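In what follows, chains carry the letters A, B, and so on, assigned in the order in which the sequence lines appear, proteins first and then strands, with residues in each chain numbered from 1. Everything quoted here is computed from the prediction, not taken from an experiment.
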There are 2 protein chains.
Amino acid sequence: MNSELVLIIDDEPQIRKLLKIVLESNGYRVIQAKDGKEGILLAGSHQPDLILLDIGLPDMSGHQVLKNLLAWYTKPIIVLSVQNGEEDIVNALDSGASDYLAKPFRTGELLARIRSALKRYRSVDQSDSVVVFSDLEIDLISRTAKKNDTIVKLTQTEFNLLSLLVKHEGKVLTHQFILKEIWGMGYQTETQYLRVYVAQLRKKLETDPNHPIHIITESGVGYRFC
Amino acid sequence: MNSELVLIIDDEPQIRKLLKIVLESNGYRVIQAKDGKEGILLAGSHQPDLILLDIGLPDMSGHQVLKNLLAWYTKPIIVLSVQNGEEDIVNALDSGASDYLAKPFRTGELLARIRSALKRYRSVDQSDSVVVFSDLEIDLISRTAKKNDTIVKLTQTEFNLLSLLVKHEGKVLTHQFILKEIWGMGYQTETQYLRVYVAQLRKKLETDPNHPIHIITESGVGYRFC
DNA sequence: TGACTTTTATAAAATCTTTATACCTGCCTG
DNA sequence: CAGGCAGGTATAAAGATTTTATAAAAGTCA
């Protein structure tokens with residue numbers, strides 16, 4: 001169940017079928033969307049590890065879909081296109097796509113570019129590594145936390161918060177930033193939520209919750225993980 | 001002089017010349033190597049921001065050069081090749097190249113792939129915002145200050161003030177200017193606030209607060225950071 | 001129901017502002 | 001020259017205010 005999930009957004013059923021077969025026989029899990037709208041929905045709900053986006057879609061111009069995805073989706077997007085027009089390539093790459101591939105493509109090259117994109121992302125994200133801080137041990141992918149080798153049970157939100165702090169270890173994260181990341185846009189003023197969850201995390205993770213050594217509060221600004 | 005430096009490794013003088021012209025006319029600085037050995041040396045000595053590597057080199061197989069570079073060079077490498085053989089592409093990408101481009105290439109696409117690779121790298125890198133002054137080390141983005149490698153806890157206003165002084169290091173900032181920047185319009189006469197905070201910063205940061213070496217007072221005018 | 005999230009309430013802590021007082025330097029004057 | 005005054009500066013410490021911690025109640029969702 002820990003194979004990577006690829007979302008295919010393409011209007012041509014044959015291409016989808018082909019891609020699905022190729023990808024699944026190489027160990028990826030696959031979900032498909034037949035147009036941009038569906039693709040954006042699926043990307044949001046399933047959080048795939050990589051998106052293959054055909055830019056010649058019927059409903060929205062593929063470029064619009066790309067722009068929408070880039071606004072919030074942080075993992076790699078590989079753009080496909082029948083047109084081998086230079087302008088298209090330049091556009092896609094400049095707006096932030098991870099890679100570009102002209103159709104018809106060779107499946108070997110496609111797979112290589114997928115591997116490359118995923119590898120680059122992982123090396124950035126490095127979420128496959130377990131992070132250790134003295135008595136704490138946090139595994140970002142299996143979403144578990146240990147304190148002195150004992151598993152600590154954390155709720156979804158608690159882990160999300162911990163995860164965010166850990167990913168930016170050492171830096172001060174503002175209340176606003178944390179609230180936006182965990183609760184989403186529009187919650188930036190609900191500082192109290194954050195206080196409650198920080199208290200809960202400290203109670204579960206800190207040896208002495210009254211004198212935290214990991215989750216440090218930066219009064220007036222935010223919190224920092226050490 | 002802060003434009004990005006690109007290293008071209010290619011044995012064909014015409015290609016080098018072409019690439020040099022294209023890149024320089026797009027604001028990059030360029031250095032060139034005619035074979036793998038020279039390329040590795042130049043990469044080590046000049047630390048270019050990106051390498052364009054032609055994989056069909058005479059002295060070593062280009063793949064060996066690539067392997068050597070990947071072992072220590074962390075910035076993007078884009079591989080060029082006359083052969084459009086799928087195996088080549090797959091190899092290059094799998095071993096860790098950032099991107100692959102078949103010759104003959106269109107300059108627009110090349111430039112787009114360069115921009116894309118550099119952008120990806122920059123978004124990962126974000127290393128230095130750290131400023132060092134003998135025993136002090138101030139990180140403007142993570143909002144931390146260290147004295148002799150020990151983190152010093154600063155309040156919001158304290159850090160804002162320090163940050164302002166550091167940003168204008170060496171210059172004398174008037175009381176008025178500082179007050180306007182930190183406390184806002186209308187506080188320009190509250191010189192006392194400033195005195196209090198300067199004293200606090202000195203107590204926390206100066207080895208001998210009575211004879212400050214970093215936060216210098218310019219009597220009748222303001223303060224200066226050294 | 002039970003696990004989790006959102007609100008509410010209140011105590012505690014940290015920070016900021018203000019006041020008070022001492023300091024230092026140069027200059028004027030007896 | 002000593003003493004005192006003036007302008008600017010340094011520092012401690014007392015309020016005032018803001019921010020944070022925490023428990024616990026209320027709401028939500030499966």
Side-chain angles (χ1 to χ4, degrees), chain A residues 143 145 151-165 172-184 186-225, chain B residues 143 145 151-165 172-184 186-225:
Chain A
R143 296 182 68 83
I151 286 185
V152 177
K153 199 173 175 203
L154 295 180
T155 72
Q156 200 74 11
T157 321
E158 283 165 3
F159 196 89
N160 289 344
L161 175 56
L162 177 63
S163 175
L164 186 69
L165 289 167
V172 179
L173 304 183
T174 64
H175 301 131
Q176 288 209 340
F177 175 78
I178 300 176
L179 285 162
K180 197 188 73 197
E181 292 293 315
I182 307 291
W183 281 269
Y187 286 77
Q188 275 112 337
T189 55
E190 304 290 347
T191 331
Q192 192 52 24
Y193 291 12
L194 185 49
R195 299 222 175 86
V196 171
Y197 276 89
V198 165
Q200 275 164 9
L201 275 183
R202 282 187 180 143
K203 197 155 56 172
K204 290 183 180 182
L205 298 175
E206 297 279 3
T207 309
D208 178 2
N210 289 105
H211 303 92
I213 57 168
H214 290 117
I215 304 176
I216 307 296
T217 127
E218 297 286 341
S219 199
V221 190
Y223 294 92
R224 176 176 52 189
F225 192 88
Chain B
R143 292 185 70 87
I151 287 184
V152 177
K153 195 159 185 207
L154 296 180
T155 71
Q156 195 175 9
T157 327
E158 282 165 6
F159 194 88
N160 289 344
L161 176 56
L162 177 62
S163 178
L164 186 69
L165 289 167
V172 182
L173 304 182
T174 64
H175 299 134
Q176 288 210 340
F177 176 77
I178 300 176
L179 285 162
K180 197 187 72 197
E181 291 293 314
I182 307 292
W183 280 269
Y187 286 77
Q188 275 112 336
T189 55
E190 304 289 348
T191 331
Q192 189 52 23
Y193 290 11
L194 185 48
R195 298 222 175 87
V196 171
Y197 277 90
V198 166
Q200 274 164 10
L201 274 183
R202 283 186 179 144
K203 195 156 57 173
K204 290 184 179 182
L205 298 176
E206 297 280 3
T207 310
D208 179 2
N210 289 105
H211 303 92
I213 58 168
H214 291 118
I215 304 176
I216 308 296
T217 127
E218 298 285 342
S219 199
V221 190
Y223 294 92
R224 176 173 50 190
F225 191 87

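- Considering only heavy atoms from C-beta on, L154(B) comes within 4.5 Å of L201(B) through its side chain.
- Contact annotation: W183(A) side-chain N/O to dT6(C) OP1/OP2 distance is under 4.0 Å.
- With contacts defined as side-chain heavy-atom distances shorter than 4.5 Å, the pair F225(A)/H214(A) qualifies.
- Look at T157(B) and you won't find any side-chain N or O under 4.0 angstrom from OP1 or OP2 of dT15(C).
- Of the two residues contacting DNA chain C, namely E158(B) and Y193(A), the nearest-nucleotide position lying further toward the 5' end is that of Y193(A).
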- In 5'-to-3' order, the base (B), backbone-only (S) or no-contact (-) status of each nucleotide in nucleotides 17-22 of chain D, using a 4.0 angstrom heavy-atom cut-off, is --SBBB
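- Remark: side-chain polar atoms of S163(B) are not paired, donor with acceptor, to backbone N or O of L161(B) under 3.5 angstrom.
- Look at CG on L194(A): it is 14 Å from P on dT5(C), rounded to the nearest Å.
- Following rounding to the nearest Å, Q200(A) (CD) and dA3(C) (P) show an atom-to-atom distance of 14 Å.
- Between L173(A) and V221(A), every side-chain heavy-atom pair lies at or beyond the 4.5 Å cut-off.
- Inter-residue side-chain proximity for V172(B) and Y223(B) is flagged as unmet; no heavy-atom pair is nearer than 4.5 Å.
- The CD-C1' distance, from E206(B) to dA10(D), rounds to 14 Å in whole Å.
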- Task: Evaluate the salt bridge (Lys or Arg N to Asp or Glu O under 4.0 Å) criterion for residues E158(B) and K204(B): first the C-alpha distance (whole Å), next the side-chain angles of each, then the deciding distance (0.1 Å), finally the verdict.
- Result: CA-CA 10 Å; E158(B) 282 165 6; K204(B) 290 184 179 182; 2.8 Å; yes
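- In this entry the distance linking NE2 of H211(B) with C1' of dT9(D) reads 14 Å, nearest Å.
- Rounded to whole angstrom, the span from the CG atom of L154(A) across to the C1' atom of dT5(C) amounts to 15 Å.
- Summarising the geometry, the separation between CG on L201(B) and C1' on dC16(C) is reported as 14 Å, rounded to the nearest angstrom.
- Going from atom CZ of F159(A) over to atom C1' of dT5(C) covers 19 Å, rounded to whole Å.
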